[in-house]
Amino acid sequence: MAAVLTPQGEDFPRWYQDVVAKAEMADNGPARGTMVIRPYGYAIWERMQAELDVRIKATGAENAYFPLLIPLNYFSREAEHVEGFSPELAVVTHGGGEELAEALVVRPTSETVIGEFMAKWIQSHRDLPLRLNQWANVVRWEMRPRLFLRSSEFLWQEGHTAHATREDAVRYLMTIHLDVYNDFLVNVLAAPTYLGMKTPRERFAGALNTITAEGMMKDGKALQMVTSHDLGQNFARAFEVSFQSEDGQSEYCHTTSWGASTRLVGGLIMTHGDDQGLVVPPRVAPIQVVVIPVRDDDAVAAAVARIVADLAGAGVRARADQGRGSFGRRVTDWEIKGVPLRVEVGPRDLAEGVVTLVRRDTGEKITRPIEGLASAASALLEVVQADLLAAATVRRDGATRDVASVDEALEAAQEGFARLPWAAVGEAGEDRLNAEAVTVRCLTRPDGSVPESIEETGLLAIVARSY
RNA sequence: CGGGAAGUAGCGCAGCUUGGUUAGCGCGCCUGCUUUGGGAGCAGGAGGCCGCGGGUUCGAAUCCCGCCUUCCCGACCA
């Protein structure tokens with residue numbers, strides 16, 4: 001059988017593009033760097049949204065929506081923020097056929113507008129914490145766009161919170177990072193990451209601290225999957241977000257922001273995909289089971305319809321694919337799309353009252369009675385979910401080398417990740433790494449937890465090439 | 001934005017060096033029949049501002065200039 005996709009080992013970037021195209025995930029838009037997300041790709045994003053949204057709300061945050069267009073002067077109120085974002089702003093200068101008195105920025109992120117409104121809404125310590133989240137699109141004029149990974153316009157959720165104390169802000173930020181993001185990454189995407197803090201040079205513009213989850217792609221490069229920022233009082237000062245404390249003093253709030261974007265779809269593709277195409281973990285899969293008749297006759301069609309109904313009744317996202325092309329064609333199409341389980345139904349199976357279940361991740365074929373199939377499939381989906389996480393964890397650990405020096409880290413980073421004492425890197429070491437297109441992805445504690453401060457002793461640097 | 005490659009049918013490509021009538025091929029698509037346990041076969045058919053704009057020329061897919069877009073390597077980044 002001829003290869004449908006460029007093999008990963010031959011040309012990984014090409015494989016990625018082939019998957020995006022052939023799995024009908026997305027197309028390039030007409031303007032540079034823009035992306036048309038096709039129904040299948042969008043359905044995966046919607047699953048991600050649903051899983052994240054419920055976790056975000058469980059922390060006490062509420063959804064809201066702020067405007068796309070932000071007055072340009074908002075950006076100059078926080079010095080580092082304006083410096084960081086100016087190069088990539090899209091600016092609207094004309095409206096209604098006339099030049100605008102003040103240019104408007106198409107939001108690259110919303111700390112500024114949201115800060116402005118938090119200032120209006122917060123008067124008293126009783127108004128705190130204020131925890132907002134919005135699902136929105138943002139625009140950043142990126143130098144080198146790639147579908148999902150870095151598009152000029154992308155979709156995301158951005159959370160913004162204000163707290164009375166730094167302690168409360170940081171505590172909440174860790175809840176978001178661990179209970180929302182890491183839980184989602186591990187238990188839904190089956191994508192283990194390295195958790196840690198960014199070095200000062202990799203920090204978000206205007207933040208005191210940025211924490212990250214760095215995923216390992218199958219080519220050994222890193223991808224920042226999510227990000228959470230401790231903004232201290234920087235934005236609160238810039239936008240006058242203050243409150244009256246219990247003892248009557250006026251104080252600036254401590255704010256946070258945190259986001260997860262459509263980049264996650266790219267991360268999903270490169271974490272689990274193989275030479276046959278996408279591999280979608282069951283919990284994010286828009287279609288968990290596809291039921292394919294081996295032969296399109298009435299008896300088989302009736303059995304297929306019954307099986308799909310049973311699966312749906314058991315809460316499994318299932319669909320049939322019949323009356324379209326040959327059997328082999330249908331099989332490969334769904335393999336490319338990464339549907340976790342396939343049920344093959346043919347006359348020979350029906351005669352024996354069984355069907356064939358095929359796992360996308362391992363290719364394993366299992367014969368099962370039609371009776372009780374829905375519960376067997378549900379159980380198998382959970383096994384697939386767990387096995388994908390286990391396999392990804394083995395890959396991550398296997399491609400991470402503990403080294404002692406910057407030179408060794410540079411070598412290890414050609415293949416995967418390197419882990420070494422941060423004390424052996426430092427600013428100078430970071431310069432040397434960056435000169436070779438390698439970066440410190442994050443600083444982590446020896447036990448893998450997120451440091452509170454870069455001053456902690458014994459911190460480890462996770463070093464890699466990245467997207 | 002620097003370095004490299006490329007834009008010809010939905011996708012992948014040939015044609016360009018050496019300008020010349022109706023611009024080809026494979027896959028896909030449409031119709032019909034036969035098929036269907038791992039990308040089906042046969043027959044018939046549809047589909048092109050040759051990326052955009054300008055120039056040279058009797059004549060441009062082909063030569064020249066500008067721009068746009070895509071891909072790869074960097075710097076930037078969710």
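So you know, we letter chains A, B, ... as the sequences are listed, proteins then strands, and number each from 1. Everything numeric here is computed off the predicted structure, so don't read it as measured data.
As judged by a 4.0 angstrom heavy-atom cut-off over every strand, Glu88(A) is placed among residues touching the sugar-phosphate backbone only. Looking at heavy-atom distances under 4.0 Å, Gly346(A) makes contact with a base. Using a 4.0 Å heavy-atom criterion, one finds that Thr439(A) contacts no nucleic acid atom at all. Nucleic acid contact class of Pro347(A) (heavy atoms, under 4.0 Å, all strands): base. The residue Asn434(A) sits close only to the backbone: its heavy atoms come under 4.0 Å of sugar-phosphate atoms, none of a base.
Atom P of nucleotide C71(B) and atom CZ of Arg14(A) are separated by 12 Å, given to the nearest angstrom. The nearest whole Å value for the distance from the CD atom in Glu80(A) to the P atom in C77(B) is 13 Å. Here the P atom of nucleotide G28(B) and the CD atom of Glu24(A) are 15 Å apart, to the nearest Å. The distance between atom CZ of Phe148(A) and atom C1' of C77(B), rounded to the nearest whole Å, is 17 Å. Going from atom CZ of Phe327(A) over to atom C1' of G38(B) covers 6 Å, rounded to whole Å. For the pair Phe12(A) CZ and C71(B) P, the interatomic distance rounds to 16 Å; values are reported in whole Å. Between Glu142(A) atom CD and G2(B) atom C1' there is a gap of 17 Å when expressed in whole angstrom units. Rounded to whole angstrom, the span from the CZ atom of Arg38(A) across to the P atom of C11(B) amounts to 11 Å.
Put simply, Ser326(A) has a side-chain N or O that comes within less than 4.0 Å of OP1 or OP2 on A40(B). For the pair Arg263(A) and A78(B), the criterion of a side-chain N or O lying under 4.0 Å from OP1 or OP2 is not met. One finds a side-chain N or O of Arg146(A) lying less than 4.0 angstrom from the OP1 or OP2 phosphate oxygen of C72(B). Taking 4.0 angstrom as the limit, Gln17(A) places a side-chain polar atom (N or O) nearer than this to OP1 or OP2 of C72(B).
A donor and an acceptor atom sit less than 3.5 Å apart, one in the side chain of Lys365(A) and one in the base of G38(B). For a distance-only test at 3.5 Å, the side chain of Arg465(A) fails to qualify as a donor-acceptor partner of the base of G74(B). A donor N or O paired with an acceptor N or O is found under 3.5 Å between the base of C77(B) and the side-chain atoms of Arg150(A).
If you check A78(B), C1(B), G38(B) against the side chain of Gln224(A), the one that comes closest is A78(B). Nearest nucleotide to the side chain of Ala437(A), out of A75(B), A40(B), U70(B): A75(B).
The base-pairing partner of G47(B), taking Watson-Crick or G-U wobble contacts with both distances under 3.5 Å, does not exist among the strands shown.
A distance cut-off of 5.5 Å between ring centres, combined with a plane angle under 30°, places Phe154(A) in a stacking arrangement with the base of A78(B).
For the atom pair CD (Gln49(A)) and CD (Glu46(A)), the distance works out to 6.5 Å, reported to the nearest 0.5 Å.
Both tests pass for Arg77(A) against the ring of Tyr74(A): distance under 6.0 Å to the centre and angle within 45° of the axis. In this structure, Lys198(A) forms no cation-pi arrangement with Phe204(A), as its terminal cationic atom is not both closer than 6.0 Å to the ring centre and no more than 45° off the ring axis.
Contact record, Arg330(A) with Arg324(A): NE-O, 2.6 Å, taken as the closest heavy-atom pair.
If you check the side chains of Asp219(A) and Tyr467(A), you find a donor sitting under 3.5 Å from an acceptor.
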